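Each chain gets a letter, A, B and so on, in the order the sequences are listed, and its residues count up from 1. The model shown is predicted, which means the values in this text are computed figures rather than measured ones.
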Number of protein chains: 2
Amino acid sequence: MKFMAMSTSQTKRPRGRPSAFDYEEALEKALLVFWSRGYEGASMAELTEAMGINRPSIYAAFGNKEELFSKALGRYMAGPVAYVAEAMREPTAKQVAEKFLTQSALFLTNESTPRGCMIAVGALFSGEGCERVQQELIAYRQGYENALRKRFELAKTQNDLKQDVNTHTLAKYIATLHQGMSVQAASGATKDELIAIVQLFLSNWP
Amino acid sequence: MKFMAMSTSQTKRPRGRPSAFDYEEALEKALLVFWSRGYEGASMAELTEAMGINRPSIYAAFGNKEELFSKALGRYMAGPVAYVAEAMREPTAKQVAEKFLTQSALFLTNESTPRGCMIAVGALFSGEGCERVQQELIAYRQGYENALRKRFELAKTQNDLKQDVNTHTLAKYIATLHQGMSVQAASGATKDELIAIVQLFLSNWP
DNA sequence: CAAATAATGTACCGATCGGTATCTATATAA
DNA sequence: TTATATAGATACCGATCGGTACATTATTTG
């Protein structure tokens with residue numbers, strides 16, 4: 001494992017030759033390859049090229065392709081899609097939905113990153129040997145859907161949502177809309193088109 | 001190209017050795033492999049195995065992997081997803097949407113076929129050399145979205161839909177919902193959960 | 001029958017796949 | 001300086017990728 005500086009205390013440098021690359025920068029490059037190519041479509045050759053590191057150094061620092069993908073997903077969660085967790089902290093249920101979907105519309109069509117969400121539409125149909133990656137992505141999808149549901153359950157206790165609202169279905173509906181928007185973005189839909197979809201949804205808020 | 005019997009007139013058999021397999025049956029097997037594995041994830045080895053044909057016979061009868069995929073897509077359109085074109089012929093716009101989405105909920109979670117729609121969520125993120133397949137799938141997605149839009153435009157001329165309805169957005173919204181449901185189905189959602197989503201949408205019909 | 005034609009089966013092609021053995025270079029510790 | 005530890009670079013591994021050459025087999029034509 002490579003050396004990682006502690007944030008709080010000054011640490012002695014490790015004994016061997018120091019790394020010539022920055023761990024987080026390299027992971028960011030890997031993330032962009034996986035994001036645009038998918039897990040299967042990203043070859044180690046392309047990853048190596050993009051990360052600017054020799055292949056044995058990748059394996060030493062990040063593990064195999066599957067582990068590298070997991071670590072890239074972690075960085076994806078903490079970076080590009082951190083807005084999802086933030087949206088949950090909006091004061092009302094409707095504002096949570098509005099923030100989540102509006103930010104998604106912008107994010108999914110951002111011109112400086114690949115179109116579509118890695119988690120929403122990654123590894124849906126895959127070849128043999130991708131089961132772990134598929135399950136990991138399914139768990140992440142469940143994760144934000146559950147976060148929405150719990151937030152809506154909270155809203156019900158605050159009389160922010162009517163008692164007859166089915167939070168399970170509402171959360172799944174919003175997750176479904178987000179996943180569909182991800183397909184639309186990857187298929188060429190514009191930011192304005194996705195915003196129009198979000199507004200149509202919000203105009204019928206329960 | 002292999003021999004294909006004419007439907008109307010009795011045709012003389014061709015000169016060489018006759019095919020040992022049925023063209024449409026073999027294509028159906030190929031379709032199921034592409035459907036569950038995706039274009040990239042389906043290897044020629046797995047296709048060969050499933051189709052029960054030697055590899056040179058596949059190439060002779062169907063062309064290369066890309067052409068085989070296109071032909072399988074054609075069979076998919078004429079078979080499993082023929083319900084989409086049928087839904088367009090429902091008498092009212094709301095019934096079109098209801099039929100399309102309800103049938104989709106059943107179709108996407110059908111236990112005898114792979115989960116999710118090949119067209120809706122196929123080849124979203126892919127490696128190099130898949131551009132043609134990606135574009136073909138995008139065109140199919142546009143196809144059913146356009147069919148919905150035109151059907152809703154017709155509904156407006158019949159005073160079946162209010163004049164202030166944006167048919168472009170409504171069609172894209174329904175397509176987006178369908179694509180999201182495809183992700184949900186591939187991620188393990190049940191038929192009842194998808195039906196609940198469809199009903200929530202229909203309860204807010206414009 | 002033989003000639004012609006077309007599909008099958010085997011065996012193989014070069015390219016690329018993910019992953020690694022090994023040697024060298026650069027650092028710290030004693 | 002010498003020993004130790006870790007990273008970089010090269011070159012390679014067996015497996016699999018999509019695709020095909022070629023000989024064989026089965027059929028129709030003459």
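Regarding contacts with the backbone of D:dG8, a side-chain N or O of A:Ser57 is found under 4.0 angstrom from either OP1 or OP2.
Residues B:Gln184 and A:Gln179 have side chains that bring a donor and an acceptor to within less than 3.5 angstrom of each other.
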Q: Let me have a per-nucleotide readout for nucleotides 11-23 of chain D, 5' to 3', with B, S or -, counting only protein heavy atoms under 4.0 Å.
A: ------SBBBB--
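Identified under the side-chain hydrogen bond (donor to acceptor under 3.5 Å, both in side chains) test for residues 197-206 of chain A, with sequence neighbours left out: none. Among residues at least two apart or in separate chains, side-chain hydrogen bond (donor to acceptor under 3.5 Å, both in side chains) pairs with a member in residues 32-44 of chain B are B:Arg37-B:Glu46.
Remark: side-chain polar atoms of B:Glu193 are not paired, donor with acceptor, to backbone N or O of B:Lys191 under 3.5 angstrom.
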Only pairs under 3.5 Å count here: list side-chain donor-acceptor contacts from residues 73-89 of chain B, not counting sequence neighbours, and write none if there are none.
residue : atom : partner  : partner atom : Å
B:Arg75 : NE   : B:Glu28  : OE1          : 2.4
B:Arg75 : NH1  : B:Glu24  : OE1          : 2.7
B:Arg75 : NH2  : B:Glu28  : OE1          : 3.0
B:Tyr76 : OH   : B:Met118 : N            : 3.1
B:Tyr83 : OH   : B:Ser104 : OG           : 2.8

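Evaluated for a side-chain hydrogen bond (donor to acceptor under 3.5 Å, both in side chains) with B:Glu145, the options B:Lys150, B:His168, B:Lys172 yield exactly one hit, B:Lys172.
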What does the list of N/O pairs under 3.5 Å between the protein and nucleotides 24-26 of chain C look like, with a distance for each?
residue : atom : partner : partner atom : Å
C:dA25  : N3   : A:Arg17 : NH1          : 3.4

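Listed by chain and residue number, A:Arg149 satisfy the side chain to side chain donor-acceptor pair (under 3.5 Å) test with A:Glu153 (two or more places apart in sequence, or in another chain).
Rounded to whole Å, atom P of C:dA7 lies 12 Å from atom OH of B:Tyr23.
Between B:Phe100 and B:His178, the two ring planes are tilted [angle within 30° to 60°].
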